[in-house]
Amino acid sequence: MPELPEVETIVRGLQAVLPGKRIMGVRLGITDFIEDPSALKEHLPGRRISSVRRYGKFLVFDLVSPGGDSRRLALLIHLGMTGQIVTCKPDAPIATHTHAYFALDDGSEMRYRDIRRFGSIRILAEGAPSGVLGPLGPLGLDPLEVTEKEFRAAIRGRHARIKALLLDQRVLRGMGNIYTDESLWHARIHPARLGAILKDEELHGLYIAMRRVLSQAIRFRGSSISDYVDSQGTPGKFQQRHCVYGRKGKKCPRCGAVIRRETVAGRSSYFCPKCQRAPRKTRKAHRKH
DNA sequence: CTTACGGCCTGGGTGC
DNA sequence: TGCACCCAGGCCGTAA
């Protein structure tokens, strides 16, 4: 579900209401997607949320302990495909597939709901001796903060398809299937092209397109295809602005050709066969023997 | 280092 | 109404 713009929208909504609030208690439903459920109950109650940040597609809740205990902890939530976080009153109706409830000291509640349970919730000990960054460690550059030079360096010389590179969280943190396809369309680059063969001119165009698409998507509060809602339960609007994603069989808004859907890098990929010229062929035959 | 694939889960849509 | 099948904003592990 959520890519950078959706997570950013949720984070902004939470950052507006959560900082300063203390977590009083944790209730859990199904926990098979939580690495260490008891750690949540052990470490969260009593701690105060100092800020809510986005790191790639992760939500990071920075926690401070009022009792002088200076060990810094963070609550890390990844939304997977169908994760949702909302704040509400404790007596608000409980949506199906709600699996975690965080009671706050102002009497409100933060809830985590996740139909498919591909998400994750875990504690990050920021002062720990090793593996300090945990799952955040391997993540690459933020697409909205990366410079063009860094972007070029990350893509150039890579033999993988550009689609796979954009989706690889170790290269860029935050891109997902929708915004990858939209960015490639704007830049007129076929998803199966190899990163290594892209010209500087094309990388420039892709860099500009990616940042424009993401910024615009944030402005429209993300894309709601089926499940995504922000922290107030409101869907995004950017899906109305998609040029190729989910538009198989419809006309390319730029040239009128029929948009196609093919699997590239293991994911559904939407593109305009006319604007986004396909690469010559993948030489796979040579590799055998 | 890369790709391909299956798996994790549930639900929506389609066609018979 | 049922069933089989395909699809889905992510990511991990395995094998080649």
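Labels below follow one simple rule: chain letters A, B, ... track the order of the sequence lines, proteins then strands, and each chain is numbered from 1.
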Enquirer: Ignoring hydrogens and geometry, is there a side-chain-to-backbone donor-acceptor pair from A/Thr82 to A/Asp114 under 3.5 Å?
Expert: no
Enquirer: Does NZ or CZ of A/Arg27 come closer than 6.0 Å to the centre of the six-membered ring of A/Tyr101, within 45° of the ring's axis?
Expert: yes
Enquirer: Could you let me know what B/dC9 is paired to, Watson-Crick or G-U wobble, both distances under 3.5 Å, or none if it's on its own?
Expert: none
Enquirer: Contact class for A/Ser268 vs. all strands (heavy atom < 4.0 Å): base, sugar-phosphate, or nothing?
Expert: sugar-phosphate
Enquirer: Closest approach to the side chain of A/Arg117, judged atom by atom: which nucleotide of C/dC11, B/dT10, B/dT3 is it?
Expert: B/dT10
Enquirer: So what does A/Tyr245 hit on the nucleic acid, given a heavy-atom distance under 4.0 Å: a base, only sugar-phosphate, or nothing?
Expert: sugar-phosphate
Enquirer: Distance check needed: C/dC11 P versus A/Leu76 CG, whole Å only.
Expert: 13 Å
Enquirer: Strictly below 4.0 Å: does A/Lys248 bring a side-chain N or O up to OP1 or OP2 of C/dC7?
Expert: no
Enquirer: Taking C/dC3 as the reference, what is the distance to B/dC9 when you measure between their P atoms (whole Å, please)?
Expert: 23 Å
Enquirer: Rounded to whole Å, how long is the line connecting atom CD1 of A/Ile30 with atom P of B/dC8?
Expert: 16 Å
Enquirer: Hey, is the side chain of A/His97 poking within less than 4.0 Å of OP1 or OP2 on B/dC9, counting only N and O atoms?
Expert: no
Enquirer: By a 5.5 angstrom centroid cut-off and a 30 degree plane limit, is there stacking between A/Phe118 and C/dC11?
Expert: no
Enquirer: With rounding to whole Å, what would you report as the distance between B/dT10 and C/dT1 at their P atoms?
Expert: 23 Å
Enquirer: So if I apply the salt bridge (Lys or Arg N to Asp or Glu O under 4.0 Å) rule between A/Asp106 and each of A/Lys21, A/Arg48, A/Lys89, A/Arg22, which one comes out positive?
Expert: A/Lys21
Enquirer: Could you walk me through whether A/Tyr228 and A/Glu3 satisfy the side-chain hydrogen bond (donor to acceptor under 3.5 Å, both in side chains) test, starting with their C-alpha distance in whole Å, then the side-chain angles of each, then the deciding distance to 0.1 Å, before giving a yes or no?
Expert: CA-CA 10 Å; A/Tyr228 166 70; A/Glu3 307 179 28; over 6 Å; no
Enquirer: How many Å lie between CG on A/Asp168 and P on C/dG10, as a whole number?
Expert: 13 Å
Enquirer: Rounded to whole Å, please give me the gap between CG in A/Leu167 and C1' in C/dA8.
Expert: 14 Å
Enquirer: Counting just side-chain N and O atoms, does A/Gln169 come under 4.0 Å of either OP1 or OP2 of C/dG10?
Expert: no
Enquirer: Which of the following nucleotides, C/dA8, C/dC11, B/dT3, is nearest to the side chain of A/His78?
Expert: C/dC11
Enquirer: What's A/Gly266 touching, base or sugar-phosphate or nothing? Going by heavy atoms closer than 4.0 Å.
Expert: nothing
Enquirer: So what does A/Ile115 hit on the nucleic acid, given a heavy-atom distance under 4.0 Å: a base, only sugar-phosphate, or nothing?
Expert: sugar-phosphate
Enquirer: Mind calculating the distance between CZ (A/Arg170) and C1' (B/dT3) to the nearest angstrom?
Expert: 13 Å
Enquirer: Need to verify one output field. Residue with the more 5' nearest nucleotide on DNA chain C, A/Arg261 or A/Phe58?
Expert: A/Arg261
Enquirer: Taking the basic N atoms (NZ, or NE/NH1/NH2) and the acidic carboxylate oxygens, is any pair closer than 4.0 Å for A/Arg260 and A/Glu262?
Expert: yes
Enquirer: Grab the CD1-C1' distance between A/Ile225 and C/dG10 for me, whole Å please.
Expert: 15 Å
Enquirer: When you measure from the side chain of A/Arg267, which nucleotide among B/dT3, B/dC1, C/dG10 comes out closest?
Expert: C/dG10
Enquirer: Please report the distance separating the P of B/dC1 from the corresponding atom of C/dG10, rounded so that it comes out in whole Å.
Expert: 23 Å
Enquirer: Without decimals, in angstroms, what is the distance between A/Leu172 CG and C/dC11 P?
Expert: 13 Å
Enquirer: Measure CD/A/Glu3 against C1'/C/dG10 and give the value in whole Å, please.
Expert: 9 Å
Enquirer: A/Arg161 has a side chain; which of B/dG11, C/dA8, B/dT3 sits nearest to it?
Expert: B/dT3
Enquirer: Base of B/dC9, side chain of A/Arg116 - is there a donor-acceptor contact under 3.5 Å?
Expert: yes
Enquirer: Looking at A/Asp230 and A/Arg12, is any side-chain nitrogen of the basic one under 4.0 Å from a carboxylate oxygen of the acidic one?
Expert: no
